[in-house]
Amino acid sequence: MPLNARFENDFAALSEKITPKTRAIYLLNPHNPTGTVSNDAAFKQFLREASRHVLVIVDETYLEYTADFKSHSAVALVCEGANVFSFSYF
């Protein structure tokens with residue numbers, strides 16, 4: 001899925017691509033190779049909405065290098081019971 005003009009995940013475009021045949025969505029945050037970190041509120045809103053329909057897998061490798069790792073991490077949604085799988089390689 002192409003990124004938006006700011007080299008971020010395009011959540012509106014991603015949402016439009018979810019169909020009954022979609023089984024999972026794999027996202028990078030920060031994105032590789034651009035290094036852009038998704039806006040926290042928009043990212044979590046997308047995760048909550050998309051995870052009602054499909055498993056959302058979030059690769060958070062290198063997120064620990066951001067200024068506020070905890071606020072950007074998807075782990076809180078996992079703890080809430082959302083259909084989200086979050087991991088990092090650190």
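Numbers for residues simply follow the sequence, beginning at 1.
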Can you check whether [Y]'s main-chain N or O pairs, donor with acceptor, with [X]'s side chain at less than 3.5 Å?
{"X": "Asn4", "Y": "Arg6", "answer": "yes"}
{"X": "Thr22", "Y": "Ala24", "answer": "no"}
{"X": "Lys17", "Y": "Met1", "answer": "no"}
{"X": "Thr61", "Y": "Ser88", "answer": "no"}

Return the [atom1] to [atom2] distance between [X] and [Y], rounded to the nearest 0.5 Å.
{"X": "Asp40", "Y": "Lys70", "atom1": "CG", "atom2": "NZ", "answer": "14.0 Å"}
{"X": "Asp59", "Y": "Asn29", "atom1": "CG", "atom2": "CG", "answer": "9.5 Å"}
{"X": "Leu77", "Y": "Asn83", "atom1": "CG", "atom2": "CG", "answer": "11.0 Å"}
{"X": "His72", "Y": "Lys44", "atom1": "NE2", "atom2": "NZ", "answer": "8.0 Å"}
{"X": "Thr66", "Y": "Asp68", "atom1": "OG1", "atom2": "CG", "answer": "7.0 Å"}
{"X": "Ser38", "Y": "Leu63", "atom1": "OG", "atom2": "CG", "answer": "9.5 Å"}

Next item on the list: Would you check, one step at a time, whether the test side chain to side chain contact (heavy atoms under 4.5 Å, CB included) holds for Leu3 with Asp10?
Entry: CA-CA 6 Å; Leu3 302 176; Asp10 189 337; over 6 Å; no
Next item on the list: Under the ring-ring contact (aromatic ring centres under 6.0 Å, His included) rule, collect the residues that match up with Phe87, sequence neighbours excluded.
Entry: Phe85, Tyr89
Decide whether [X] and [Y] are clustered together by the hydrophobic rule: side chain heavy atoms of Ile, Leu, Val, Met, Phe, Trp, Tyr closer than 4.5 Å, transitively.
{"X": "Tyr62", "Y": "Val58", "answer": "no"}
{"X": "Phe11", "Y": "Val54", "answer": "yes"}
{"X": "Phe69", "Y": "Val37", "answer": "yes"}
{"X": "Phe43", "Y": "Leu14", "answer": "yes"}

[X] to [Y] - nearest heavy-atom pair and separation:
{"X": "Val84", "Y": "Ser51", "result": "CG2-CB, 3.8 Å"}
{"X": "Gly35", "Y": "Pro30", "result": "O-CB, 3.7 Å"}
{"X": "Ile25", "Y": "Phe46", "result": "CD1-CZ, 4.1 Å"}
{"X": "Ala50", "Y": "Ile18", "result": "CB-CD1, 3.9 Å"}
{"X": "Pro20", "Y": "Arg23", "result": "O-NH1, 3.1 Å"}

Notebook entry, point to check: Under 6.0 Å from the OH atom of Tyr65, do we count more than 12 heavy atoms belonging to anything else shown?
Noted result: no
Note to self: Please identify which of these residues, Leu27, Asn39, Leu28, Thr36, meets the side chain to side chain contact (heavy atoms under 4.5 Å, CB included) condition with Asn9.
What the structure shows: Leu27
Notebook entry, point to check: Cut-off 3.5 Å, side chains only: do Ser73 and Glu60 have a donor facing an acceptor?
Noted result: yes
